[in-house]
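As structure tokens, the structure follows; a few thoughts come after it.
All figures in this text were calculated on a predicted structure; none of them were measured in a lab.
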Amino acid sequence: MRTDRPTIMSPRPNERYNAREAEPKWQKVWEDQRTFRTRDDAGASGRPKYYVLEMFPYPSGRIHMGHVRNYTIGDVIARYKRARGFNVLHPMGWDAFGMPAENAAMEKSVHPKGWTYDNIAAMRTQLKAIGLAIDWDREFATCDPEYYGQEQALFLDFLAAGFVSRKKSTVNWDPVDNTVLANEQVIDGCGWRSGAPVERRELTQWFLNISDFADDLLAGLDTLDRWPEKVRTMQRNWIGRSEGAKVFFAVDGVEGAPDYKLEIFTTRPDTLFGASFCALSPHHPLTQKLAADNAELQAFIKKCDQIGTSEEAIETAEKMGFDTGLKARHPFIDGHTLPVYVANFVLMEYGTGAIFACPAHDQRDLDFARKYKLPVIPVVAPKDRDAAAQAAFAEELAAHGTDAFTGDGVAINSDFLNGLDVTAAKRTAIAKLEAMGLGEGTINYRLRDWGISRQRYWGCPIPVIHCEACGTVPVPRAQLPVLLPDDVSFDRPGNPLDRHPTWKHVDCPKCGKPARRETDTFDTFVDSSWYFARFCAPNAVTPTDRTATDSWLPVDQYFGGVEHAILHLLYARFFTRAMHKTGHLDVEEPFAGLFTQGMVNHETYRDANGQWVPPSEIAIETVGGARIAKRLSDGGPVTIGAIEKMSKSKKNTVDPEDIIAQYGADTARWFMLSDSPPERDVQWTDAGAEGAWRFTQRVWRLVTGTPDDLAPKGTALPADLDAAALGLRRVAHQALAALTDDIENLRFNRAVARIYELANAISAFNPANAGGKWAKREALEYLVLMIAPMMPHLAEECWAALGHETPAVDTEWPVADKALLVEDSVTIAVQVNGKRRDELTIARDADVETVERAALALEKVEKAIDGKAVRKVIVVPGKIVNVVV
RNA sequence: GCCCCUGUGGCGGAAUGGUAGACGCGGCAGACUCAAAAUCUGUUGUUGGCAACAACGUGCUGGUUCGAGUCCGGCCAGGGGCACCA
């Protein structure tokens with residue numbers, strides 16, 4: 001058991017690395033020398049530019065371990081690229097608008113503005129303690145009027161360019177609090193504060209026409225070769241381009257519309273002969289029309305509307321249908337009609353808000369058909385079966401099937417389509433529909449336009465004025481920014497802007513008559529869709545300064561959580577295109593390189609009453625191999641639970657400030673980079689943190705412990721190195737080359753392992769002569785420069801201890817000597833029938849026949865062959881020999 | 001429900017289709033110490049064996065290959081996203 005903490009104040013202070021003193025000292029040196037201030041003269045100085053960016057934080061009040069991980073990873077690259085001679089831009093800002101500030105205002109009677117700026121001040125101090133190589137001169141918050149005013153200017157340009165529209169959409173409505181709820185605020189279909197079942201409401205809202213850019217955004221993904229494949233796949237699926245058909249079903253008996261044609265979209269026109277019903281969204285115009293004089297249908301729609309607006313809620317809700325009694329005429333089968341249902345799983349936002357259903361070949365349709373006892377007509381059968389087998393398959397599926405057949409196959413029971421495969425049948429069906437004038441081939445996207453209106457105070461006001469005579473009128477540019485009023489109240493739910501006594505009352509800029517200011521604010525995703533461009537020239541009097549953005553963009557390497565893989569990144573890509581088209585940017589893709597890092601997890605703990613207990617309040621002992629947790633305050637029993645993402649609700653958080661106070665920032669940084677690959681989740685453990693801390697001390701001892709073993713600084717390389725010294729040089733140069741490669745490829749956990757290997761080699765080395773001392777100094781200097789991007793403060797302290805006057809941060813990245821990287825001989829494995837039997841050390845350049853002969857001569861190999869005939873010998877030079885018998 | 005990802009010793013993980021377990025944590029043994037901490041040295045996948053060594057072993061299952069942790073098919077489990085959380 002070990003519950004004690006290492007003390008930084010040591011009885012032998014001169015021998016221990018004192019992070020608490022060293023870290024602020026070096027941070028001050030960097031700040032005084034303005035080391036990380038970025039100058040815009042990339043071209044003039046001849047240094048290539050490199051723009052490193054991490055997703056900027058929401059100012060919640062305190063940094064968490066996720067921030068430490070994110071910003072450490074980015075910082076390693078920023079420092080490394082700087083050492084490689086790049087002119088690095090590495091800025092920081094604040095994604096400062098959003099709901100938590102309003103929640104705080106309601107709960108704690110503070111103003112969102114004060115709360116936000118206080119949080120920023122606190123978090124800035126915390127971030128600075130991590131020792132990040134950031135140009136703080138470029139800092140801004142999205143709630144600064146200088147920022148959101150420029151955002152309003154951008155919006156007006158988008159409006160003029162036709163990228164903006166206004167249309168109806170549904171929101172979650174809390175009928176008790178009379179307020180719009182975010183999906184997050186809907187818990188099990190009820191409002192999070194009132195507990196009342198949510199309703200849906202239609203509101204007229206502002207949209208950015210991102211779906212007009214669908215094809216462009218899709219094509220752009222192919223150019224992003226430094227993005228993770230999974231993110232590109234997710235975006236592709238999100239955009240969801242699908243080729244299909246629009247089909248018109250004539251519907252009889254619609255009041256006042258004798259020729260009513262129901263337009264549906266389908267990706268499977270080949271299954272039209274298997275249609276057994278049509279289904280409308282509860283929000284389809286025809287549904288609404290029918291409901292006008294049908295109380296039962298009204299009740300059904302109301303029931304559907306009790307589900308929240310999220311796709312997850314809709315898709316997982318039990319399928320419900322309402323038979324309208326209307327009949328739709330089948331386009332291909334004369335005299336055949338299909339019942340028309342209203343169904344809760346049909347989304348108004350996708351396709352045309354109406355479908356035809358083929359239960360045999362769509363799982364949702366099948367579930368629905370079984371529930372409402374509708375026919376199941378198989379029209380596709382698996383290939384490569386005879387007619388009898390296909391008939392048997394169809395009969396079974398129709399009668400008892402619970403799994404729809406969605407694979408490829410051949411059309412059956414489908415008149416003129418019979419015998420065609422799915423692709424050909426689709427084509428033929430579309431041609432027929434077009435010939436009949438009952439439909440056409442079309443392309444549909446899953447991607448919907450981006451609703452940006454929010455009925456909230458703490459966001460960027462939408463710069464528009466509503467006039468009864470003139471309609472929606474843009475706020476004249478001279479009147480920007482439209483500032484948020486400070487005198488607002490949060491004593492009741494709803495939008496404080498809307499109930500402000502004077503703010504919304506303005507005169508129409510066009511006709512001068514009394515008009516009403518738009519009281520909606522922007523979705524905060526708008527703020528984060530262009531901040532990377534603003535960092536290039538944060539004080540420009542236009543949204544962007546083209547000289548600056550043209551030279552800095554795109555961002556060379558962007559780091560952030562994988563949870564942003566779709567929305568934020570897609571919106572930023574859209575914004576960049578829209579800014580390109582309106583002349584604000586030269587580029588169309590904002591992020592040339594993207595890396596999505598994993599989360600920081602921790603064990604969870606609960607006391608006897610099931611209450612969550614934070615890690616800082618417990619002690620862990622190991623008794624008989626089992627880990628037992630107790631509460632520090634009273635020794636009460638604590639159950640160790642699952643390892644989960646650090647979250648306030650489960651209290652399994654570790655405060656970075658505590659870790660930095662205890663061990664120093666370098667230890668926290670080192671631990672974040674060790675062990676787990678950066679794209680995967682990492683588990684924070686005390687033992688891991690202590691291990692990292694011990695390594696900082698070990699580096700310090702290695703560097704300062706044996707001064708007599710080191711050649712004086714600047715000594716020339718002695719000509720006659722002995723084998724041991726040469727060996728150390730090889731290890732050092734190989735470690736440097738491997739680590740450089742690992743950092744370039746963002747494999748920080750492997751980079752850490754290389755450093756351990758080098759440290760182990762240096763520890764084991766005892767210089768026997770001047771050559772050895774020279775080699776040891778070289779190895780130590782490499783070690784210090786190699787750790788510098790990861791543990792910058794320790795590196796500076798060590799670099800100074802090695803006698804250098806120029807800080808490590810201003811020292812060029814060393815380059816490994818290629819001659820020291822290659823070995824003369826290689827060890828290769830020898831297999832018999834794929835099973836390793838022995839290994840063989842042989843000259844690196846030995847030819848295939850020599851290797852084969854040597855392998856077959858090995859005693860163990862001979863034994864394994866056991867006198868059998870050798871059929872084949874596979875020799876992969878430098879890798880392996882496989883003898884096949 | 002849909003889309004995406006992950007699964008390897010006691011633990012975190014390493015491994016361009018080519019010697020599975022680098023490196024770290026933890027454990028065990030030893031050195032130093034009055035003792036402890038710190039530090040250093042050795043050892044550590046499992047099973048059998050004094051040992052040499054052998055067999056087994058990368059969630060399950062089937063396949064491709066001279067050779068599969070890696071590629072393909074089908075499962076299982078965990079995680080992320082699902083458009084108003086950021």
Side-chain angles (χ1 to χ4, degrees), chain A residues 2 4 6 10 16 55 57-58 60 95 97-100 169 171-172 180-186 210 228-231 233-234 236-238 240 309-317 319 345 349 363-364 367 446-456 523-525 528 561-568 570-571 596 598-599 601 622 625 642 644-645 674-677 679-683 685 687-688 690-692 694-695 697-698 701 747 749-750 752-757 760 763 827-831 833-839 860 871-874 876 878-884:
Chain A
R2 190 163 61 220
D4 54 302
S10 151
R16 281 212 159 175
M55 291 179 186
Y58 177 79
S60 58
D95 188 13
F97 278 134
M99 285 204 310
S169 73
V171 294
N172 301 305
V180 175
L181 296 175
N183 282 337
E184 187 194 50
Q185 298 171 316
V186 178
I210 189 171
E229 189 55 47
K230 66 167 175 177
V231 174
T233 305
M234 280 192 270
R236 240 174 241 126
N237 292 336
W238 186 262
T309 58
S310 78
E311 189 177 315
E312 185 196 2
I314 293 164
E315 291 279 345
T316 54
K319 315 262 174 300
F345 64 86
E349 289 82 10
Q363 192 60 46
R364 257 185 340 194
D367 295 342
R446 209 185 75 95
L447 181 66
R448 308 198 298 253
D449 282 334
W450 173 16
I452 51 169
S453 290
R454 297 293 181 271
Q455 295 70 43
R456 287 188 240 287
D523 174 10
T524 55
F525 271 127
S528 55
V562 69
E563 67 272 20
H564 295 292
I566 297 176
L567 291 179
H568 161 62
L570 192 64
Y571 292 149
T596 54
M599 296 178 309
N601 298 337
T622 308
E644 298 190 49
K645 178 181 177 174
S674 312
D675 294 352
S676 289
E679 69 277 12
R680 264 203 248 173
D681 289 357
V682 64
Q683 190 198 345
T685 60
E690 280 173 31
R694 282 202 300 271
F695 186 68
Q697 295 300 332
R698 187 166 166 223
R701 277 197 311 274
R747 294 187 293 229
N749 56 321
R750 294 215 315 197
V752 165
R754 310 287 185 197
I755 287 172
Y756 276 112
E757 278 169 343
N760 290 345
S763 293
T827 302
I828 62 178
V830 182
Q831 300 179 329
N833 282 347
K835 202 167 191 61
R836 180 185 172 278
R837 291 297 169 181
D838 204 351
E839 59 184 29
K860 285 175 190 168
R871 286 200 288 155
K872 202 173 5 167
V873 179
I874 290 151
V876 183
K879 293 275 185 193
I880 205 159
V881 178
N882 191 11
V883 182
V884 186

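Taking the C1' atom of each, C4(B) and G48(B) are spaced 45 Å apart, rounded to whole Å. To the nearest whole angstrom, the two P atoms, one in A52(B) and one in G57(B), are 22 Å apart. The gap from the P atom of A38(B) to that of C28(B) amounts to 13 Å, rounded to the nearest Å. Comparing the C1' positions of G21(B) and U43(B) gives a spacing of 16 Å, expressed to the nearest Å. With P as the reference atom, U64(B) and U19(B) are 22 Å apart, rounded to whole Å.
With distances taken from any side-chain atom of R694(A) to the nucleotides A83(B), C25(B), C85(B), the minimum falls on C25(B). Of the candidates G26(B), C23(B), C84(B), the closest approach to any side-chain atom of Y756(A) belongs to C23(B). Side chain of Q831(A), nearest nucleotide from C84(B), C23(B), G18(B): G18(B). In this structure, the nucleotide among U19(B), A22(B), G24(B) sitting nearest to the side chain of E757(A) is A22(B). When distances are taken from the side chain of T524(A) to each of A86(B), C4(B), A55(B), the shortest belongs to A86(B). For V884(A), whose side chain is taken as the heavy atoms from C-beta onward, the closest listed nucleotide among C4(B), C66(B), C85(B) is C66(B). With distances taken from any side-chain atom of F525(A) to the nucleotides A86(B), A38(B), A22(B), the minimum falls on A86(B). Closest to the side chain of N882(A), out of A14(B), C40(B), C66(B), is C66(B). Across C4(B), C23(B), U19(B), the shortest atom-to-atom separation from the side chain of T233(A) is found for C4(B). Considering only side-chain atoms of P677(A), the nucleotide from G13(B), G1(B), C40(B) that sits closest is G13(B).
Applying the Watson-Crick and G-U wobble criteria (two distances, each under 3.5 Å), C82(B) pairs with G1(B). In this structure, A20(B) makes no Watson-Crick or G-U wobble pair, since no nucleotide meets both defining distances under 3.5 angstrom. When both pairing distances are held under 3.5 Å, A77(B) makes a Watson-Crick or G-U pair with U6(B). Partner assigned to U58(B) is none, using Watson-Crick or G-U wobble distances below 3.5 angstrom. Pairing partner, C40(B): G30(B), with both Watson-Crick or wobble hydrogen-bond distances short of 3.5 Å. Figure legend. U65(B) is base-paired to no nucleotide; pairs are counted as Watson-Crick or G-U wobble with both atom distances under 3.5 Å.
Residue N749(A) has a polar side-chain atom (N or O) positioned under 4.0 Å from OP1 or OP2 of A14(B). The phosphate of G7(B) has OP1 or OP2 within less than 4.0 Å of a side-chain N or O from R680(A). For S674(A), no side-chain nitrogen or oxygen approaches OP1 or OP2 of G24(B) to under 4.0 Å. Residue K835(A) places at least one side-chain N or O under 4.0 Å from the OP1 or OP2 atom of C56(B). Look at R448(A) and you won't find any side-chain N or O under 4.0 angstrom from OP1 or OP2 of A83(B).
Shown here are the ring-ring contact (aromatic ring centres under 6.0 Å, His included) partners of W238(A), two or more places apart in sequence or in another chain: there are none. Shown here are the ring-ring contact (aromatic ring centres under 6.0 Å, His included) partners of Y571(A), two or more places apart in sequence or in another chain: W450(A), F525(A).
With 3.5 Å as the limit, one finds no donor-acceptor pair spanning the side chains of S676(A) and D681(A). Side-chain polar atoms of S763(A) and R698(A) form a donor-acceptor pair below 3.5 angstrom.
Nearest-nucleotide positions on RNA chain B place R747(A) closer to the 5' end than the other of T827(A) and R747(A). Heavy-atom nearest nucleotides on RNA chain B were determined for V876(A) and for E315(A), and the one closer to the 5' end corresponds to E315(A).
One interatomic measurement links the two molecules: CG of N760(A) to C1' of G24(B), which rounds to 10 Å at whole-angstrom precision.
Residue E679(A) is out of contact with every strand shown, counting any heavy-atom pair closer than 4.0 Å. When heavy atoms are screened at a 4.0 angstrom cut-off, L447(A) is found touching base atoms of the nucleic acid. If you check every strand for non-hydrogen atoms under 4.0 Å, S453(A) touches a base. Across all strands shown, V180(A) has heavy atoms under 4.0 Å from base atoms, whether or not it also approaches the sugar-phosphate. When heavy atoms are screened at a 4.0 angstrom cut-off, K230(A) is found touching the sugar-phosphate backbone but no base atom. When heavy atoms are screened at a 4.0 angstrom cut-off, K860(A) is found touching the sugar-phosphate backbone but no base atom. If you check every strand for non-hydrogen atoms under 4.0 Å, D838(A) touches nothing. Residue contacts for A565(A): at a heavy-atom cut-off of 4.0 Å it reaches no nucleic acid atom on any strand shown. In this structure, G688(A) reaches neither bases nor backbone, as no heavy-atom distance under 4.0 Å exists between it and the strands shown. Here G451(A) lies in heavy-atom contact (under 4.0 Å) with sugar-phosphate atoms only.
Looking at Q697(A), its side chain never comes within 3.5 Å of a backbone N or O of R694(A) through a donor-acceptor pair.
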Candidate pair R747(A) and E679(A), rule salt bridge (Lys or Arg N to Asp or Glu O under 4.0 Å), full reasoning:
CA-CA 9 Å; R747(A) 294 187 293 229; E679(A) 69 277 12; over 6 Å; no
Let's go through D523(A) and R454(A) carefully: what are the C-alpha distance in whole Å and the side-chain angles of both, what is the deciding distance for salt bridge (Lys or Arg N to Asp or Glu O under 4.0 Å) to 0.1 Å, and is it a yes or a no?
CA-CA 6 Å; D523(A) 174 10; R454(A) 297 293 181 271; 3.2 Å; yes
Decide side chain to side chain contact (heavy atoms under 4.5 Å, CB included) for E312(A) and N183(A); before the verdict, give the C-alpha distance in whole Å, the side-chain angles of both, and the deciding distance to 0.1 Å.
CA-CA 10 Å; E312(A) 185 196 2; N183(A) 282 337; over 6 Å; no
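Using a 4.5 Å cut-off on side-chain heavy atoms (C-beta onward), T596(A) and E563(A) make no contact. In this structure, N833(A) and V883(A) have side chains that are not in contact, with every pair of non-hydrogen atoms separated by 4.5 Å or more. The shortest side-chain heavy-atom distance between V180(A) and V171(A) falls under the 4.5 Å cut-off.
Between the side chain of R456(A) and the base of C84(B), a donor-acceptor pair under 3.5 Å is found. For C85(B), the base has no donor-acceptor partner in the side chain of Q185(A) [N/O atoms by modelled type, under 3.5 angstrom].
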Name the pairs: protein N/O against N/O of nucleotides 76-82 of chain B, kept only if under 3.5 Å.
unit_1	atom_1	unit_2	atom_2	d
C82(B)	O2'	E311(A)	OE1	3.4
C82(B)	N4	E312(A)	OE1	3.3
C82(B)	N4	E312(A)	OE2	3.3

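With its glycosidic angle within 90° of 0, G9(B) adopts the syn conformation.
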